[in-house]
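Notes follow once the structure below has been shown.
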Amino acid sequence: MANRALTQTLSDDPLGGTVRRTVLPNGLRILTESIPSMRSVSFGVWVGIGSRDETPALSGVSHFLEHLLFKGTKRRSALDISAEIEAVGGETNAFTAKEYTCYYARVLDADLPLAIDIVCDLVTDSVLTEADVETERGVILEEIAMHDDEPGDEVHDVFTEAIYGNHPLGRQISGTVATISALTRKQIDGFYRRRYRPETMVVAAAGNLDHAKVVKAVRAAFDRAGWGDTPAVPAPRRSRTSRVPARSGQVVVHNKDTEQAHLVLGCTGYPRQHDDRFVVGALNNVLGGGMSSRLFQQIREQRGLAYSVYSFTSQYSDAGLFGVYAGCAPGKVEEVLAITRDELARVASEGVTDAEVERGKGMLKGAVVLGLEDTGSRMSRLGKGELLYDELLSVDEILRRVDEVTPDQVQRVAKELLSRPMSLAVIGDFEDGAFTGALD
């Protein structure tokens, strides 16, 4: 029994494909969605480790590690990794989030065995040489500098830090110049060896594939790296019962010589598996999810105050954010801020129309179904579903839950969410003390 893999069919979805799940004795979970009509396959290894798992001294190590794993293994150099994938017309990449990291490849269906071998090789058997650490340190410092040159992106980090402060959720995924400059090869390698284990990982693949063959190839790749011998059970999902300390009423202004001012106004939101997550999705679309949204119409279409304006939500296992972003001329910030606050207050007190709710729901459903045309989106749905949620919802179930959202629910959530104390982050050419009292 100790060496037996446990396999089950999770769904046979008419809007998707046949989804199967296997748990190996070492705790590794493998999910596939078989779609014979497609000629490509997306394959990913999802690791349930992200920037919130770092101590302050190790801030940015997950992202640093993501870079380093592509620099070479015992069997392949960095050039080998890229050349072998590109030789078959495929692509490979990775990204780091606050609660997970993903390494993935997309290839023709016939080349799936190669993709499995390469991605599993770099995740399980990276060498992390001292020379590569120093090379990538320079690359990451340039990446941080490039991010700092994009105030429209930077203001989101400023806003998140305003809410969560020194909590790991408040820190930048990339780390800072100080922490990246100080990280040693020993620290990075230690984090890799401790955190990257089969039981913390989920393998996901979608496209024209055979589940049994994927399991066999993945198992062989992990065995080759010596990761297949120790029995383990999958790591539990992050707790939803913990409480993340959050601040409200914060006004943070970063003085920077920019042509535009960039602002985010918002508050704490709902965690990832909150019962009202589909209601929040519909509400977000009504407020600032598209060109027909209230904020876009009020700020851009009717008054021409900003080119870009939208609302957004961010969800974590035990916390969340809601915010509104706008980029405008520095002299128009106060007007944009006043309109935004008035509109949020109006929706909190009066709700939205039935037609707006239906439009918001339609946008949600469209995003789900249109995403099915891409094997990468299907692969991500499997990986995130297994790693982050208590259940993998079928497409039909997602659409049903969206359809069940009512105007009364949207009004209830709007009243509760939009009445929370707000915080403000601004980047632009402003003096110290600007916008003091802006939230009064």
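The pair D318-R272 does not meet the salt-bridge criterion, since no charged nitrogen lies less than 4.0 angstrom from a carboxylate oxygen. Between R401 and E404 there is no salt bridge, since no side-chain nitrogen of the basic residue lies less than 4.0 Å from a carboxylate oxygen of the acidic one.
Within 6.0 Å of the CZ atom in R412, the count of heavy atoms belonging to other residues, nucleotides or ligands exceeds 12.
Minimum interatomic distance between A282 and V405 (heavy atoms only, all atoms of both residues): CB-CG1, 4.4 Å. Of all the heavy atoms in N166 and R171, the pair that sits closest is O-NH1, 3.4 Å. When all heavy atoms of K365 and D403 are compared, the pair lying nearest together is NZ-OD1, 2.8 Å. In terms of heavy-atom proximity, R247 sits nearest to S423 at O-OG, 4.1 Å.
Atom CZ of R137 is separated from atom CD1 of I140 by 8.5 Å, given to the nearest 0.5 angstrom. In this structure, L209 CG and I35 CD1 are separated by 7.5 Å, a value rounded to the nearest 0.5 Å. Of the inter-residue distances, the one linking E391 atom CD with E397 atom CD reads 7.0 Å to the nearest 0.5 angstrom.
Of the options H147, H262, K256, a side chain to side chain donor-acceptor pair (under 3.5 Å) to E154 is made by K256 and by none of the others. Of the candidates V336, I299, L263, V309 forms a side chain to side chain contact (heavy atoms under 4.5 Å, CB included) with just one, namely I299. Considering R195, E199, R194, R193 as possible partners of R197, the one that fulfils the side chain to side chain contact (heavy atoms under 4.5 Å, CB included) test is E199.
Ring-plane geometry between Y196 and Y192 is classed as perpendicular, the angle between the planes exceeding 60 degrees on a 0 to 90 degree scale with a lower cut at 30.
The aromatic ring centroids of H156 and F312 lie less than 6.0 Å from each other. Between F296 and Y310, the distance separating the two ring centers is not shorter than 6.0 angstrom.
No hydrogens or angles considered: a donor-acceptor pair under 3.5 Å links the side chains of Q315 and T313. No hydrogens or angles considered: a donor-acceptor pair under 3.5 Å links the side chains of E54 and S62. For the residue pair S317 and E99, a side-chain donor N or O sits within less than 3.5 Å of a side-chain acceptor on the partner.
Put simply, the side chain of R106 never gets that close to the backbone of E91: no donor and acceptor are under 3.5 Å apart. Remark: the backbone N or O of V347 is not paired with any side-chain donor or acceptor of E350 at under 3.5 angstrom.
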